[in-house]
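Since the structure comes first, as structure tokens, the remarks are kept for the end.
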Amino acid sequence: MKWSQTLIPTLKESPSEAEIDSHKLMIRAGLIRRITAGAYAYLPLGTLVLNKVIDIVREEMNRAGAVEVFLPALQPLDLLEESGRLSVFGDDLITFEDRHGKTTALGPTHEEIVTDIVRNEINSYRQLPITLYQIQTKFRDETRPRFGVLRSKEFIMKDAYSFDVDYEGLNKSYKSMYEAYCRIFDRCGIDYIVVEADSGAMGGDVSHEFMVPSSVGEDILIRCLKCGYSANRERAEAAPVPRENHVSLQSLREVPTPNKHTIQEVGGFLDVKPNRMVKTMIYISNGQPIAVLLRGDHEVNETKLTKVLGQETVTLADHNTIEHVTGARVGFAGPVGLKIKIIADQAVSTLCNFVTGANKADTHLLNVNPDRDFKIDQVADIRYAVKGDKCPKCNHDLDISQGIEIGHVFKLGTKYSDALKAKFLDANGKEKSMIMGCYGIGVNRIIASLIERSHDENGIIWPLSLTPYKVIIIPVNVNDANSMQMANHIYDDLTNIAGIEVLLDDRDQRPGVKFKDADLIGIPIKIVIGKKFAETKELEIKLRKSGETFLTPPEEMRSRIESLFEMLSKP
RNA sequence: CGGGGCGUAGCGCAGUUUGGCUAGCGCGCCUGCCUUGGGAGCAGGAGGUCGGAGGUUCAAAUCCUCUCGCCCCGACCA
């Protein structure tokens, strides 16, 4: 492609709409333009990259035995209702009413559609297993789109769904997808880590998230850098906090704490650290209020709490309920004297002589101790791991960092096949629910997170696998006939004979402009036709990433480029 | 949805507090000259519903009311 014939609108200045590097660079390099909040147009360069990613995803899905389908963006609400997810998606669902008054949704994901197809078309174990996938735009009315294509209202997702006759089959399908994901991200040249994730209300026992470490990531990763344990924030466990030794129990004492209701206020007022305090939160579980005890510096993990309680959902009690249950204003609840079930986090169960609310306005209790002063009905891990926690596997310090989720593999089990009655007859003629898995990849996110990790002050640095063009030819002076003739010759040779994607910067611009632009759009290999060519007929090859330069006579250019490809495609 | 900020040329911004003459600057764009190894220089030029509607005033980018859009923080994110 010749630069003058395509559209690569680069910008010298950073657009005011962008905050993070990848977003700024995608706009500055002319990959995307914002059309409205959370929706982006991909310009020619962006489209080339998008298609590179899609090609890799498609190849690896096919290699893993998945079969491609193409599903509608329009979805009837009744399928979502049937699976029970209409309320789950809630306001995230983008819907509209057609001319007949029927409400239709723009698909936020496609479990229901695929399951509907499969339940209609597959009835026998002989037709299983099968994994269907598609690459398509999804629509979600995000409360706050941000970071460019990292969180947008419409985004491209590869989603695959596996259907098996039993859990053994599911495990195989899952493993196969997991491995395909590794190959995809490896080929994209992206650094990623896999973390255990909670399968939550989705059912099933395992789920893994593929994360790109990044300080702009919205997900939190908890890892042990020693033994390799890694999980997301919802899932991560911490080694149990050991019991304090040789502590003599002090006598319980009531202290006035006028108008101090937060951990911070009370701690400051009484000069007690948050980790010597216990907060008492009233939750509603199964219609009944329960008390949840956590150390002052810890936060409740509702995912864990829900699971421990064996409920679908738990919710924080409202102020009226709290006052009714504790007999005091919000902010003064404590376990002593409570008549409801008390569930304590493990870190609370090993604590002595702590501070709690007194269930009495403007009053707290000092030197509270379990067993002596109140009874814990259940001890469990119901909090988020925090800095300072130890690895549950090897007791080494846990590392807490951020990441961008680019893929997620899920063992669904029978959640959707049960709800949507996707059943089959097994070899014994017995009707069974299909065992499902689902597997998603955020295609746009691969691009943004790659740029987030692979750029410098001059611009993007593409890996060979995703770059829109592998080579850019820069004739320093397009008005010099010899240079241009050589430029065209190399261009034809590489493009037509070697099948390499080449961009020829044929613009009548000063060299500085062209070099800056080439760096900004991140093309891995530059071929410069300039001073050296005039002097010795040699061409200069410069690598974007390392800055290395080589001089090559024109006749050796093709073999030289090919050997560079080999070098560059190694990690 | 709560809090904050912004909307002036394709992009980045000044001007708004304290209303006043033809609405400015940098980049980009067009023409010419000059230049050709890291975003040159000179000269000339095009480009504006000052987000929109209504109001106050002799006079509104500037003040008032309403409205639309965008960004940031938070909440939210199977």
Side-chain angles (χ1 to χ4, degrees), chain A residues 7 9-20 23-24 27-28 30 33-39 80 83-93 107-112 138 140-148 150-153 155 157 159 197-204 207 209 216-220 232-234 302-303 306 312-313 316 404-405 408 410 412 415-416 419 438 440 442 445 457-459 474-480 483-484 505 507-521 526-535 539-540 542 544 547 549:
Chain A
L7 177 65
T10 58
L11 298 175
K12 208 186 283 190
E13 290 173 285
S14 269
S16 60
E17 75 189 64
E19 283 275 306
I20 63 171
H23 189 194
K24 286 179 188 168
I27 294 168
R28 285 192 53 211
R33 286 292 184 265
R34 186 177 57 75
I35 299 303
T36 184
L80 287 163
S83 73
R85 284 214 297 181
L86 192 55
S87 57
V88 172
F89 278 110
D91 288 339
D92 278 356
L93 203 62
T109 173
H110 283 77
E111 277 83 1
E112 287 82 359
K138 313 281 176 180
R140 295 182 194 178
D141 191 1
E142 291 287 346
T143 46
R144 182 143 91 89
R146 67 184 130 172
F147 299 151
L150 277 182
R151 180 165 296 282
S152 48
K153 287 192 179 181
F155 53 96
M157 189 164 147
D159 48 326
D198 198 87
S199 41
M202 301 291 285
S207 123
E209 287 175 342
V216 303
E218 297 179 85
D219 291 282
I220 291 174
N232 72 3
R233 187 164 183 250
E234 269 58 46
E302 290 188 4
T303 307
T306 305
E312 280 279 307
T313 54
L316 266 175
I404 300 164
E405 181 185 354
H408 200 159
F410 244 112
L412 287 177
K415 180 179 165 76
Y416 294 95
C438 76
R445 281 187 172 184
E457 65 280 5
N458 292 314
I474 303 178
V476 167
N477 183 358
V478 298
N479 298 313
D480 177 62
S483 294
M484 277 314 285
D505 191 351
R507 295 174 301 167
D508 185 6
Q509 290 284 358
R510 295 177 56 80
V513 174
K514 296 197 192 191
F515 291 138
K516 287 287 185 190
D517 271 348
D519 286 348
L520 178 59
I521 68 174
K526 284 193 273 284
I527 298 175
V528 182
I529 303 168
K531 221 159 40 192
K532 272 284 170 207
F533 177 68
E535 290 163 7
L539 305 176
E540 184 181 311
K542 185 164 188 179
R544 172 67 179 89
T549 60

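What's counted below: heavy atoms across the whole structure, side chains too, no hydrogens, waters or symmetry copies. Chain naming here is simple, since letters A, B, ... match the order of the sequence lines and numbering starts at 1 in each.
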Would you say the base of [N] and the side-chain of [X] have a donor-acceptor pair closer than 3.5 Å?
{"X": "A:Asn479", "N": "B:U36", "result": "yes"}
{"X": "A:Glu540", "N": "B:G37", "result": "yes"}
{"X": "A:Lys542", "N": "B:G38", "result": "yes"}
{"X": "A:Glu13", "N": "B:G26", "result": "yes"}
{"X": "A:Arg140", "N": "B:C77", "result": "no"}

Complementary nucleotide of [N], counting Watson-Crick and G-U pairs under 3.5 Å:
{"N": "B:C58", "result": "B:G20"}
{"N": "B:G44", "result": "B:C30"}
{"N": "B:C50", "result": "none"}
{"N": "B:G74", "result": "B:C1"}
{"N": "B:C6", "result": "B:G69"}

Give me the distance, rounded to whole Å, that separates [N] from [M] when you measure between the [atom1] atoms they each carry.
{"N": "B:C73", "M": "B:C30", "atom1": "P", "value": "37 Å"}
{"N": "B:G5", "M": "B:C42", "atom1": "P", "value": "40 Å"}
{"N": "B:A14", "M": "B:U35", "atom1": "C1'", "value": "32 Å"}
{"N": "B:C27", "M": "B:G41", "atom1": "P", "value": "7 Å"}
{"N": "B:A40", "M": "B:C77", "atom1": "P", "value": "49 Å"}
{"N": "B:C64", "M": "B:G45", "atom1": "P", "value": "39 Å"}
{"N": "B:U8", "M": "B:U49", "atom1": "C1'", "value": "12 Å"}
{"N": "B:A60", "M": "B:A23", "atom1": "P", "value": "13 Å"}

Establish, with yes or no, whether the OP1 or OP2 oxygen of [N] is under 4.0 angstrom from a side-chain nitrogen or oxygen of [X].
{"X": "A:Arg144", "N": "B:C73", "answer": "yes"}
{"X": "A:Ser14", "N": "B:G12", "answer": "no"}
{"X": "A:Arg146", "N": "B:C71", "answer": "no"}
{"X": "A:Lys12", "N": "B:G28", "answer": "yes"}
{"X": "A:Ser16", "N": "B:C13", "answer": "yes"}
{"X": "A:Arg510", "N": "B:U36", "answer": "no"}

Under 4.0 Å, counting only non-hydrogen atoms across every strand here, what does [X] touch: a base, just sugar-phosphate, or nothing?
{"X": "A:Asp519", "result": "base"}
{"X": "A:Asp91", "result": "nothing"}
{"X": "A:Thr143", "result": "base"}
{"X": "A:Val478", "result": "nothing"}
{"X": "A:Val513", "result": "base"}
{"X": "A:Arg28", "result": "base"}

Whole angstrom is fine here: how far is it from [atom1] in [X] over to [atom2] in [N]?
{"X": "A:Lys532", "N": "B:G37", "atom1": "NZ", "atom2": "C1'", "answer": "12 Å"}
{"X": "A:Met157", "N": "B:A78", "atom1": "CE", "atom2": "C1'", "answer": "10 Å"}
{"X": "A:Glu17", "N": "B:G10", "atom1": "CD", "atom2": "P", "answer": "15 Å"}
{"X": "A:Lys153", "N": "B:C70", "atom1": "NZ", "atom2": "P", "answer": "7 Å"}
{"X": "A:Lys24", "N": "B:C11", "atom1": "NZ", "atom2": "P", "answer": "18 Å"}
{"X": "A:Lys531", "N": "B:G37", "atom1": "NZ", "atom2": "P", "answer": "6 Å"}
{"X": "A:Glu405", "N": "B:C76", "atom1": "CD", "atom2": "P", "answer": "17 Å"}
{"X": "A:Arg507", "N": "B:U36", "atom1": "CZ", "atom2": "C1'", "answer": "14 Å"}

Using 0.5 Å steps for rounding, measure from the [atom1] atom of [X] to the [atom2] atom of [Y].
{"X": "A:Asp92", "Y": "A:Arg85", "atom1": "CG", "atom2": "CZ", "result": "11.5 Å"}
{"X": "A:Thr10", "Y": "A:Asp517", "atom1": "OG1", "atom2": "CG", "result": "3.5 Å"}
{"X": "A:Glu142", "Y": "A:Asp91", "atom1": "CD", "atom2": "CG", "result": "12.0 Å"}
{"X": "A:Arg510", "Y": "A:Asn477", "atom1": "CZ", "atom2": "CG", "result": "10.5 Å"}
{"X": "A:His110", "Y": "A:Cys438", "atom1": "NE2", "atom2": "SG", "result": "13.0 Å"}
{"X": "A:Glu111", "Y": "A:Phe410", "atom1": "CD", "atom2": "CZ", "result": "9.0 Å"}

Quiz item: Ignoring hydrogens and geometry, is there a side-chain-to-backbone donor-acceptor pair from A:Arg140 to A:Leu93 under 3.5 Å?
Solution: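 Answer holds: no.
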Quiz prompt | Criterion side chain to side chain contact (heavy atoms under 4.5 Å, CB included) on A:Thr549 and A:Val528, from CA distance to verdict | solution = CA-CA 10 Å; A:Thr549 60; A:Val528 182; over 6 Å; no
Exercise. Could you check A:His23 against A:Lys526 and say which one's nearest nucleotide on RNA chain B is further toward the 5' end?
Key: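 The residue mapped nearer the 5' terminus is A:Lys526.
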Exercise. Tell me which of A:Val476 and A:Arg151 sits closer to the 5' end of RNA chain B, going by the nucleotide each one is nearest to.
Key: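 Comparing both residues, the 5'-ward one is A:Val476.
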Practice problem: Could you work out which one of B:A78, B:U36, B:C70 sits closest to the side chain of A:Thr36? | Solution: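 Among the listed nucleotides, the one closest to the side chain of A:Thr36 is B:C70.
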Self-check item: Among B:G37, B:G69, B:A78, the nucleotide that comes nearest once only the side chain of A:Thr109 is considered
Solution: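 So the nucleotide nearest the side chain must be B:A78.
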Quiz item: At their closest point, which heavy atom of A:Lys526 faces which heavy atom of A:Ala518, and how far apart are they?
Solution: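 Of all heavy-atom pairs spanning A:Lys526 and A:Ala518, the closest is CD-CB, 3.8 Å.
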